[in-house]
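Below: the structure, in C-alpha cells.
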Amino acid sequence: MITRTTKNSERRVLTAIMAASAIMTISLSLSPMLAEAARAFPNADVATVQLLITLPSLSAMLSTVLAGMLERILSKKQILLLSIILMFLGGFASVLLHNNLSALLVASAFSGLGFGGVQTMTAALIPDYFFNDKRCAVMGYQSTAVVSGSALMVVASGFLAGIRWYYAYFSFALLIPTLLLVFLFLPRGGQKPTAVKQEKPNMRLGGVWVYVAFNVVFSVFITSYNTNIAMVVEETSLGASGAAGAYNAIFNISGAAMGLVAGMIIRKNVKGSILLSTILCGVGLLFCGIERGVFLLALGSLLAGAAFTLRAAALFEAAAVENPEKATLGIALVCASGAIGQFLTSIVINPVAELFSGTAQMRLITAGVGTFILLACMCFSAKRKVAKATPAH
C-alpha cells in the first residue's frame, strides 16, 4: 500500500519507523553477556550458550512469513505493535528464568517472533510513505537507526551484565518508549493508495532470490562478530563484559555513520555497494580474529559495523525496487534470509574453527576467510555473466 503524506505526517511516520528500527537488533546487542553466561552454565557447550543470541533469528523466520499473511487482516501498525510487545515479554521472561538455560532458550525464541515482525514491517513501511530518491535515503537512515539503537543497547547490556550477567535483559525496557512512539505517530493504515509513479532504476543483480542467497551466507559471517567478540575480549585479557560492550558500541557507531551516506552510495551502484560491504566485512572480521591489541580490535569492529549497515540498506533497496507492487514480500524474504544466516552462525562456523584451535579468535578468522570466499564467488559469477553477455567475434 502506497500512501502520500504531508510534510508533518511524513516526519511523524519517519520518527515512528526510526524508533522501531532502533530496537531491531536488541537480541544481538546482548552479546556482551555471553562470556559470563557461559560461566553460569559450565556444563553447556559454547554453541548452546550462543543460541541465546542466534535462536531468536530462527523463530523470526516464522514471524516474517506470518507478518506478510497477517497484513491481509491487520494494518502494518498493528502488526508492528504486536511484535514489539512479543519482544518485550520474551526479554523480561528471560530475567525471571535466568537459572534455567532451556527456559532461557524458549524465552529467546519467543522474543524472536517479535523481532521478525519488527524487522519486516519497519522496512515494508518505507516504500509505503517514501518514494524514489527519498526512499533510498530513508533506507540508509533506517540502517543508521538500527545500529545507533544497537549501540545504545549494547552499552546498556554490557554495563548491566557487569553487575549480573542476566541483568543484560533489562535493556529490553527500552522497548517501552518505542512502543509509545509507534502507537502515537504511525497512522493506522488501510487508506486507499494514491497513485505515485515509481521510477525503477537499473539495479538488477539477478532477482530477489540472488539477494536472499547472498544474505544467508553473509549473515552467517557477520553474526559471528556478535557471538564471539565478548569471548575474544576475555581470551585476550582486554577487559570484561563492559569492554566487550565498548567494542560492540564501535561496531554500531560505525554502522550509524555509514547509514548517513549509504543512500548516496547505493544510488550510484547497488551491486558495488554489496561488493564493498563484503570486503569491509572480511577485513574487519580478520582484524578482530588476529587481534594483537586494542587498536586492531577497534578497527575491525569499525569496519564490520560499516559492512553490516551498507549490506542491509543495499539489500532492502534492491528488494523494494525489484518489484514495487510486491515490495513487502521481497523485503520479508531478505529479512528471513538474514535470520536464517544468524541462526546458522554457530552451526557453520564453530565446527570449522574446531579443526584448528576452536578459540573465539579462530572463529572470527574462519568467518573472515569465508567472507572472502563469498566475495570470490560473487566476482566469478559476475565475470561469467559478462562473458555470456559479450557477443563472440
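Using a 4.0 Å cut-off between charged side-chain N and carboxylate O, E317 and R267 make no salt bridge.
Without hydrogens or angle criteria, S301 side chain to F251 main chain gives no donor-acceptor distance under 3.5 Å. For T120 (side chain) and G117 (main-chain N/O), no donor-acceptor pair under 3.5 Å exists by modelled atom type. Side-chain atoms of R12 come within 3.5 Å of backbone atoms of L184 as a donor-acceptor pair (strictly under, hydrogens ignored). Without hydrogens or angle criteria, S357 side chain to A353 main chain gives no donor-acceptor distance under 3.5 Å. Under a 3.5 Å cut-off, the side chain of S337 and the backbone N or O of V334 do form a donor-acceptor pair. Side-chain atoms of S157 never come within 3.5 Å of backbone atoms of A168 as a donor-acceptor pair (strictly under, hydrogens ignored).
By the side-chain contact (heavy atoms from CB on, under 4.5 Å) test, M61 pairs with L58, A339, I340, sequence neighbours left out. Shown here are the salt bridge (Lys or Arg N to Asp or Glu O under 4.0 Å) partners of R164, two or more places apart in sequence or in another chain: there are none. F115 pairs by the ring-ring contact (aromatic ring centres under 6.0 Å, His included) definition with nothing, not counting sequence neighbours. Residues passing the side-chain hydrogen bond (donor to acceptor under 3.5 Å, both in side chains) test with S111, sequence neighbours excluded: none. In this structure L152 satisfies the side-chain contact (heavy atoms from CB on, under 4.5 Å) test together with L174, sequence neighbours excluded. Under the side-chain contact (heavy atoms from CB on, under 4.5 Å) criterion, V155 pairs with A249, sequence neighbours left out. Residues satisfying the side-chain contact (heavy atoms from CB on, under 4.5 Å) criterion with A360, sequence neighbours excluded, are N228, M231, V232, E235, R363.
Under the 4.5 Å side-chain heavy-atom criterion for Ile, Leu, Val, Met, Phe, Trp and Tyr, L302 and I253 are members of distinct hydrophobic clusters. Note on L275: it clusters hydrophobically with I373, by side-chain heavy-atom contacts below 4.5 Å among ILVMFWY residues. I26 and L180 fall into different hydrophobic clusters, defined by Ile, Leu, Val, Met, Phe, Trp and Tyr side-chain heavy atoms under 4.5 Å apart, directly or through other members. In the hydrophobic clustering of ILVMFWY residues, with side-chain heavy atoms under 4.5 Å counting as a link, I85 and F110 come out together. V348 and I222 fall within a single hydrophobic cluster, where Ile, Leu, Val, Met, Phe, Trp and Tyr are joined by side-chain heavy atoms under 4.5 Å apart, directly or via other members.
Interatomic distance, CG of L303 versus CD1 of I250, reported as 11.0 Å (0.5 Å rounding). To the nearest 0.5 Å, atom SG of residue C281 and atom CZ of residue F218 are 4.0 Å apart. With rounding to the nearest 0.5 angstrom, the CG atom of L86 is 10.0 Å from the OG atom of S59. Here F356 contributes atom CZ and T366 contributes atom OG1; the two are 6.5 Å apart, rounded to the nearest 0.5 Å. Rounding to the nearest 0.5 angstrom, the gap separating the NE2 atom in H98 from the CG atom in L104 is 8.5 Å. The distance from the CG atom of L89 to the CE atom of M87 is 11.5 Å, given to the nearest 0.5 Å.
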* Asked: For S102 and V106, what are the C-alpha separation, side-chain angles and deciding distance, and is it a side-chain contact (heavy atoms from CB on, under 4.5 Å)?
  -> CA-CA 6 Å; S102 297; V106 172; 5.8 Å; no

* Could you check F170 against F92 for side-chain contact (heavy atoms from CB on, under 4.5 Å), going step by step and ending with a plain yes or no? => CA-CA 7 Å; F170 281 120; F92 272 83; 3.7 Å; yes

* Are S94 and Y166 close enough, and set up right, to give a side-chain contact (heavy atoms from CB on, under 4.5 Å), and what steps lead you there? -> CA-CA 8 Å; S94 298; Y166 60 89; over 6 Å; no

* With side-chain contact (heavy atoms from CB on, under 4.5 Å) as the test, would you mind laying out the steps for M258 and I265 before giving the verdict? => CA-CA 10 Å; M258 172 57 78; I265 297 172; 4.0 Å; yes

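Evaluation of the side-chain hydrogen bond (donor to acceptor under 3.5 Å, both in side chains) test over residues 305-316, restricted to residues two or more places apart or in two chains, returns N215-R311, S219-R311. Legend: salt bridge (charged side-chain N to carboxylate O under 4.0 Å, His left out) pairs involving residues 39-57, not counting sequence neighbours, sorted by first then second residue: E36-R39, R39-E234. For the ring-ring contact (aromatic ring centres under 6.0 Å, His included) condition, no pair includes a residue of residues 132-155, sequence neighbours left out. Applying the side-chain hydrogen bond (donor to acceptor under 3.5 Å, both in side chains) test to pairs two or more places apart or on separate chains, those with a residue in residues 342-351 are Q50-N350, S57-Q342. Within the structure, ring-ring contact (aromatic ring centres under 6.0 Å, His included) contacts touching residues 39-80 (residues at least two apart or in different chains) are F41-W165.
When all heavy atoms of A60 and S63 are compared, the closest pair comes out as O-OG, 3.0 Å. Closest non-hydrogen pair, L125 versus I17, comes out as CB-CD1, 3.8 Å. Summarising the geometry of A313 relative to G140, their closest heavy-atom pair is CB-CA, 4.3 Å, with the distance given to 0.1 Å. Taking each heavy atom of S171 and A156 in turn, the nearest pair found is CB-CB, 4.5 Å. Shortest non-hydrogen contact noted between V216 and L344 is CG1-CD1, 4.5 Å. Closest heavy-atom contact between Y247 and A298: CE2-N, 3.9 Å.
With a 4.5 Å cut-off on side-chain heavy atoms, F308 and N226 do not count as touching. Side chains of L14 and M18 form a contact here, defined as non-hydrogen atoms less than 4.5 Å apart. Taking 4.5 Å as the limit, every side-chain heavy atom of I290 sits out of range of all side-chain heavy atoms of Q361. With a 4.5 Å cut-off on side-chain heavy atoms, F343 and L51 count as touching. Counting heavy atoms from C-beta outward, V233 and L297 have side chains that approach closer than 4.5 Å. You'll find the side chain of Y169 reaches within 4.5 Å of the side chain of S108, heavy atoms only. Put simply, the side chain of L52 reaches to within 4.5 Å of the side chain of M33, judged on heavy atoms. Side chains of M139 and I266 form no contact here, defined as non-hydrogen atoms less than 4.5 Å apart.
In this structure, a donor-acceptor pair under 3.5 Å is absent between the side chains of Q119 and T64.
Cation-pi check for K77 over F183 is met; the charged atom lies under 6.0 angstrom from the ring centroid and within 45 degrees of its normal.
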